Amino acid sequence: EGLVNRLEKKRSEARIRAFQELSECTFTPMAPTWKAKRSPRSSQSSRAGSFLSDARPVVHEGDQQAQADELVAAQVTQIDALRQLEKKEREMQDATQQVFNEFLERSLEEGRRKLKLFEETPEGREYLATRARSYLELNRGMNDSAALAEARSDLSRASEAKLHTHAAQLRQQRVQKDAQQIQLARLKVAWELIQLQRRYSQLLDKQLLPRSMLAGFDASLVERLTKEAWYVEARSFAHNVAKPEV
């Protein structure tokens, strides 16, 4: 058990480090700012100097289209990855709920078995007798059989409430662990999308590709993505765990 706890602690620390690293990725929209460079020389030398300073490698239209298609396809791939993570998140939630229900059912069954054994012990009989006397004192018209039944019911409810609480705590721990795993995967996808967005801005800024070739690229995707609740929550989580303990 000690080894399992140490391994789980290491995995948890690794997830937190990854959160911290990926959460540092930020997005700042980069509007095209390319301007023709001007020289203080004569107009003729200015045009020549401008031509030389702005000279770029000749890229054939076919190569340009290939670059554009590759960039758009890469973004589509990452968008699909986000959709797959949403699907995986729902599947993990359903699986966790099923495991929780099965665990609780087994726990309640085991709890009832243990209660029966406890009622047959001297301590159990004494407990039930004490509870039954309390019911008789509070309810003058109640008979011994009804008082004992109420005492057993009290014991059963207390046991079940304790088991429900324990199972809920285990479920919450599992939910948090799964959520961290999904958030980490989403942050990785977000990081890739931010890099693609920067590449898109550079291509336009340096006029390496005409805007028409990049019509299939969603230029506002990253800006929308970084405003979504899961992204804000993931960055907030990483920021909080990065704070030094006081």
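Owing to the predicted nature of the structure, the values given are computational and were not obtained by experimental measurement. Every heavy atom of this structure was used, including side-chain atoms; hydrogens, water molecules and symmetry mates were not.
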What closest approach, in Å, do A190 and W230 show between heavy atoms, and which atom pair accounts for it? CB-CH2, 4.1 Å

About how many Å separate CD of Q169 and CD of Q172, when rounded to the nearest 0.5 Å? 10.0 Å

Partner residues of Y200 under the ring-ring contact (aromatic ring centres under 6.0 Å, His included) criterion, sequence neighbours left out: F217

Is there a continuous path of hydrophobic side-chain contacts, each under 4.5 Å between heavy atoms, that joins V72 to L204? yes

Working to the nearest 0.5 Å, report the span between CG of L196 and CG of D218. 12.0 Å

G216 and Q75: which non-hydrogen atoms are nearest, and at how many Å? O-OE1, 4.3 Å

If I compare all heavy atoms of M92 with all of I182, which pair ends up nearest, and what's the gap? SD-CD1, 3.7 Å

Kindly say whether Y135 contributes a backbone atom to a donor-acceptor pair with the side chain of N139 at under 3.5 angstrom? yes

Distance from L214 atom CG to R199 atom CZ, nearest 0.5 Å? 9.5 Å

Less than 4.5 Å apart, side chain to side chain, heavy atoms only: is that true for T121 and F118? yes

Sidechain-backbone polar pair: S153 side chain, A149 backbone, donor-acceptor under 3.5 Å: no

Who pairs with E102 by side-chain contact (heavy atoms from CB on, under 4.5 Å), at least two apart in sequence or on another chain? Q98, R106

Can you confirm whether more than 12 heavy atoms, excluding those of Q97, are under 6.0 Å from its CD atom? yes

Where is the tightest heavy-atom contact between F100 and A168, given as atom of each residue plus distance? CE1-N, 3.7 Å

Please determine if R112 and E109 form a salt bridge, counting it only when a charged side-chain N lies under 4.0 Å from a carboxylate O. no

Please write out which residues are connected to L170 in a hydrophobic cluster, directly or through intermediates, given that two of Ile, Leu, Val, Met, Phe, Trp, Tyr count as joined at side-chain heavy-atom separations below 4.5 angstrom. F103

For the CD atom on Q93, are there more than 12 heavy atoms of other groups (residues, nucleotides or ligands in this structure) within a distance under 6.0 Å? yes

Find out if a path of hydrophobic residues (ILVMFWY) with successive side-chain heavy-atom gaps under 4.5 Å connects Y231 to L221. yes

Are the side chains of K227 and V232 in contact, using a 4.5 Å heavy-atom criterion? no

N/O donor-acceptor pair under 3.5 Å between R125 side chain and E120 backbone: yes

Checking side chain to side chain contact (heavy atoms under 4.5 Å, CB included) for the pair Q197/L193: CA distance, chi angles, key distance, verdict? CA-CA 6 Å; Q197 180 72 33; L193 286 169; over 6 Å; no

Do the charged groups of D94 and R90 touch, with an N to O distance under 4.0 Å? no

Just how far is it from atom CZ of R186 to atom CD of E86, taken to the nearest 0.5 Å? 6.0 Å

Roughly how far apart are L203 CG and L71 CG, rounded to 0.5 Å? 6.5 Å

ILVMFWY cluster, V175 and L104 together (side-chain gap under 4.5 Å): no

Would a hydrophobic clustering, with Ile, Leu, Val, Met, Phe, Trp and Tyr connected at side-chain separations under 4.5 Å, put L108 with L155? no

Above 12 or not: heavy atoms from other molecules or residues under 6.0 Å from CZ of R224? yes

What distance separates T165 OG1 from E160 CD, expressed to the nearest 0.5 Å? 11.5 Å

Going only through I, L, V, M, F, W and Y residues with side-chain contacts under 4.5 Å, is there a path from I194 to L85? yes

Shortest non-hydrogen pair, A147 vs A132, comes out as CB-O, 3.5 Å

Using every non-hydrogen atom in the two residues, find where S107 and L163 come nearest and quote the distance to one decimal. O-CD1, 3.4 Å

